[in-house]
Trainee: 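Starting off with a structure, shown below.
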Amino acid sequence: MVDYTKSKIYKITCSESGRIYYGATVAKLYNRVRYYRKLKSTHITEDFVKPTIFWCADIPCNSYEQQVSYLNDFREQKAREALNASKSL
């Protein structure tokens, strides 16, 4: 059984392009980045060169649905921040 109280949001970046992917997991982050390296051809991060993973936030949840909801809210917040930053340039 998955313990969603250990949920966290993470960011994976591509060292070459600077592209970013945000995700959520209950796994240890080093296991999560290994997982993405194995997926290569089936995930949005498939073309990431030397992906690096960073912890963003702990989000203790009660369910998978709540974890996804928190992640979506976090992604929307980051998109708004990026938009506001680009407007100020």
Side-chain angles (χ1 to χ4, degrees):
M1 184 171 202
V2 177
D3 183 0
Y4 287 102
T5 64
K6 295 181 180 179
S7 295
K8 56 188 102 4
I9 294 176
Y10 61 88
K11 173 174 79 170
I12 295 180
T13 59
C14 173
S15 63
E16 192 172 274
S17 69
R19 285 184 47 215
I20 296 171
Y21 170 78
Y22 289 102
T25 188
V26 296
K28 297 199 181 292
L29 294 184
Y30 62 85
N31 288 335
R32 195 65 182 167
V33 79
R34 276 196 297 193
Y35 171 76
Y36 282 116
R37 287 180 179 147
K38 286 180 183 178
L39 278 182
K40 280 269 184 201
S41 65
T42 61
H43 193 269
I44 194 166
T45 61
E46 68 182 332
D47 61 345
F48 278 33
V49 177
K50 295 182 186 169
T52 306
I53 193 165
F54 301 94
W55 168 88
C56 294
D58 290 324
I59 52 165
C61 301
N62 296 316
S63 66
Y64 173 77
E65 291 78 14
Q66 188 178 31
Q67 183 190 58
V68 170
S69 177
Y70 286 171
L71 175 60
N72 288 337
D73 290 346
F74 187 86
R75 286 175 173 162
E76 288 175 20
Q77 174 189 347
K78 290 299 179 182
R80 280 192 303 273
E81 289 172 6
L83 181 62
N84 288 339
S86 69
K87 286 180 179 178
S88 65
L89 294 178

Trainee: Say you draw a straight line from CD1 of Ile53 to OH of Tyr10; how long is it, rounded to the nearest 0.5 Å?
Mentor: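 Output value for this atom pair is 6.0 Å.
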
Trainee: In this structure, would Leu71 and Ile12 fall into the same cluster of hydrophobic residues linked by side-chain contacts under 4.5 Å?
Mentor: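 No, no single cluster joins them.
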
Trainee: Compare all side-chain heavy atoms of Tyr21 with those of Lys11 and state whether any distance is below 4.5 angstrom.
Mentor: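 A side-chain contact is absent here, since even the closest heavy-atom pair is not under 4.5 Å.
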
Trainee: Look at atom CD of Gln66 and say whether more than 12 heavy atoms of other residues, nucleotides or ligands are closer to it than 6.0 Å.
Mentor: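 Atom CD in Gln66 is crowded, with more than 12 foreign heavy atoms closer than 6.0 Å.
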
Trainee: Following the transitive rule for hydrophobic clusters with a side-chain heavy-atom cut-off under 4.5 Å over Ile, Leu, Val, Met, Phe, Trp and Tyr, establish whether Val2 and Val68 coincide in one cluster.
Mentor: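 Yes: a chain of side-chain contacts under 4.5 Å links Val2 to Val68.
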
Trainee: Out of curiosity, Thr52 OG1 to Leu29 CG, how far, rounded to the nearest 0.5 Å?
Mentor: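 Going from the OG1 atom of Thr52 to the CG atom of Leu29 covers 12.0 Å.
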
Trainee: Should Val26 and Gln67 count as side-chain neighbours, where that means a heavy-atom distance under 4.5 Å?
Mentor: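 Sidechains of Gln67 and Val26: in contact.
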
Trainee: I'd like to know if Lys6 pairs up with Asp58 as an ion pair, taking the criterion as any Lys NZ or Arg NE/NH1/NH2 lying under 4.0 Å from an Asp or Glu carboxylate oxygen.
Mentor: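 Not counted as a salt bridge, because no side-chain N and carboxylate O are separated by less than 4.0 Å.
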
Trainee: Report whether Phe74 and Phe54 are members of the same hydrophobic cluster (ILVMFWY, side-chain heavy atoms less than 4.5 Å apart, transitive linking).
Mentor: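 Phe74 and Phe54: separate clusters.
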
Trainee: Decide whether Phe48 and Trp55 are clustered together by the hydrophobic rule: side chain heavy atoms of Ile, Leu, Val, Met, Phe, Trp, Tyr closer than 4.5 Å, transitively.
Mentor: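 Shared cluster, yes.
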
Trainee: For Tyr4, is there any backbone N or O sitting under 3.5 Å from a side-chain donor or acceptor partner on Ser7?
Mentor: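 Present.
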
Trainee: Nearest heavy-atom pair of Tyr70 and Cys61: which atoms, and what distance?
Mentor: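 Answer, listing the atom of Tyr70 first, then Cys61: CD1-SG, 3.5 Å.
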
Trainee: Between Arg75 and Tyr22 (side chain of the first, backbone of the second, donor and acceptor by atom type, cut-off under 3.5 Å), is there such a pair?
Mentor: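 Judged by distance alone, yes, a pair lies under 3.5 Å.
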
Trainee: Distance from Ile20 atom CD1 to Thr13 atom OG1, nearest 0.5 Å?
Mentor: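 Taking CD1 in Ile20 and OG1 in Thr13, the distance rounds to 7.0 Å.
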
Trainee: Return the minimal non-hydrogen interatomic distance between Lys8 and Ala27, and the atom names on each side.
Mentor: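 Of all heavy-atom pairs spanning Lys8 and Ala27, the closest is NZ-O, 3.4 Å.
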
Trainee: Within the side chain of Gln77, is there an N or O that forms a donor-acceptor pair under 3.5 Å with the backbone of Asp73?
Mentor: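 Such a contact is absent between Gln77 side chain and Asp73 backbone.
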
Trainee: With side chains defined as the heavy atoms from C-beta onward, is the minimum distance between Ser69 and Asn72 less than 4.5 Å?
Mentor: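 They are not in side-chain contact.
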
Trainee: Of all the heavy-atom pairs spanning Cys14 and Asp47, show the shortest one and how long it is.
Mentor: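 Where Cys14 meets Asp47 most closely, the heavy atoms are SG-O, 4.4 Å.
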
